Amino acid sequence: MGQIPEDATHWDSGDWIAWHRTEMGLDDRPCTAATQDTMAQLTALHVSLLRAAKGYYDMTGHHLPVYREIAHTHAAIHCDLPLSGPGTTSRETGVEVMWLEPHGPTNIVNVDLTLPFATLIVVRIKDNFKTSARMIQRSALPEAHDGPYPLRWHALPHKL
């Protein structure tokens, strides 16, 4: 780090900004980069959903019914999946997304093995409303099972 230039105004990311750079005036146009970047939009949506769910739970002690959307946005961000709407099925995408709710009684998801999926992604929404995910290939699950197949969080081999 060198000497502070006589015409410096303030420190910015490791460089002194010279007065001549600020004489042009402030650029008060809104930043449009985030609105053009799909990943930035998904991340902002994911954070907003988590904040809403946490705020609602903290205020009421009840769950806001957004955990499906939180799980799907997490999967979209971390697995490069399209954000699926209510009409999208595992038959169309090949991916089944399930979730574990915060403050839930167990760390078990009940998988319907009759669904046509190639990959199962389980998103865990922790009690502090942080998310993590694990996945398993359909081929690693039994071919058939009477009723839903219980699958423990710790039995899922691939962390995302």
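Only this structure's heavy atoms are used, side chains among them; waters, hydrogens and symmetry mates stay out. All figures in this text were calculated on a predicted structure; none of them were measured in a lab.
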Within this structure, what is the [atom1]-[atom2] distance for the pair [X] and [Y], rounded to the nearest 0.5 Å?
{"X": "Trp99", "Y": "His72", "atom1": "CH2", "atom2": "NE2", "result": "5.5 Å"}
{"X": "Lys126", "Y": "Asn107", "atom1": "NZ", "atom2": "CG", "result": "11.0 Å"}
{"X": "Glu101", "Y": "Thr106", "atom1": "CD", "atom2": "OG1", "result": "10.0 Å"}

- Message: Using the side-chain contact (heavy atoms from CB on, under 4.5 Å) definition, which of the options Leu45, Thr73, Val66, Ile70 pairs with Leu50?
- Response: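 Going through Leu45, Thr73, Val66, Ile70 one by one, the side-chain contact (heavy atoms from CB on, under 4.5 Å) with Leu50 is satisfied by Ile70 alone.
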- Task: Identify the residue among Thr131, Leu100, Val109 that makes a side-chain contact (heavy atoms from CB on, under 4.5 Å) with Val123.
- Result: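 Of Thr131, Leu100, Val109, side-chain contact (heavy atoms from CB on, under 4.5 Å) with Val123 is met by Thr131 alone.
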- Taking side chain as C-beta onward, heavy atoms only, is Asp112 less than 4.5 Å from Pro148?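 Asp112 does not reach Pro148 side chain to side chain.
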- Task: For residues Met135 and Val122, determine if any side-chain heavy atom of one lies less than 4.5 Å from a side-chain heavy atom of the other.
- Result: no
- What about His63 and Tyr57, are their ring centers closer than 6.0 Å?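 Yes; Tyr57 has its ring centre under 6.0 Å from that of His63.
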- Query: What closest approach, in Å, do Met98 and Asn110 show between heavy atoms, and which atom pair accounts for it?
  - Reply: CE-O, 3.1 Å
- Please name the pair of heavy atoms, one in Ala53 and one in Tyr67, separated by the smallest distance, quoted to 0.1 Å.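 Smallest heavy-atom distance, with atoms named: CB-CE2, 4.1 Å.
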- Message: Are Met39 and Val47 linked, directly or through intermediate hydrophobic residues, by side-chain heavy-atom contacts shorter than 4.5 Å (ILVMFWY only)?
- Response: no
- Message: Assigning hydrophobic clusters by single linkage (Ile, Leu, Val, Met, Phe, Trp, Tyr; side-chain heavy-atom cutoff under 4.5 Å), is Leu151 placed with Ile108?
- Response: no
- Between Leu81 and Ile121, does a side chain to side chain contact (heavy atoms under 4.5 Å, CB included) hold up when you go through it step by step? CA-CA 11 Å; Leu81 295 172; Ile121 297 173; 3.9 Å; yes
- Arg134 and His154: side chain to side chain contact (heavy atoms under 4.5 Å, CB included), yes or no, with the steps? CA-CA 9 Å; Arg134 293 185 178 181; His154 295 293; 4.0 Å; yes
- side chain to side chain contact (heavy atoms under 4.5 Å, CB included) partners of Arg138, counting only residues at least two apart: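 Side chain to side chain contact (heavy atoms under 4.5 Å, CB included) list for Arg138, sorted by chain: Leu113, Phe117, Leu141.
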- Message: Can a side-chain donor-acceptor contact be found between His74 and Ser132 if the only test is distance below 3.5 angstrom?
- Response: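 Result is no, nothing qualifies.
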- Ignoring hydrogens and angles, tell me if any N or O in the side chain of Arg124 forms a donor-acceptor pair with the backbone of Trp153 under 3.5 Å.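 No: the side chain of Arg124 does not pair with the backbone of Trp153.
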- Query: Between the main-chain N or O of His103 and the side-chain N or O of Asp127, is there a donor-acceptor pair closer than 3.5 Å?
  - Reply: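 At least one qualifying donor-acceptor pair exists.
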- Would you please test Glu96 and Thr119 for side chain to side chain contact (heavy atoms under 4.5 Å, CB included) and show each step? CA-CA 6 Å; Glu96 179 67 19; Thr119 304; over 6 Å; no
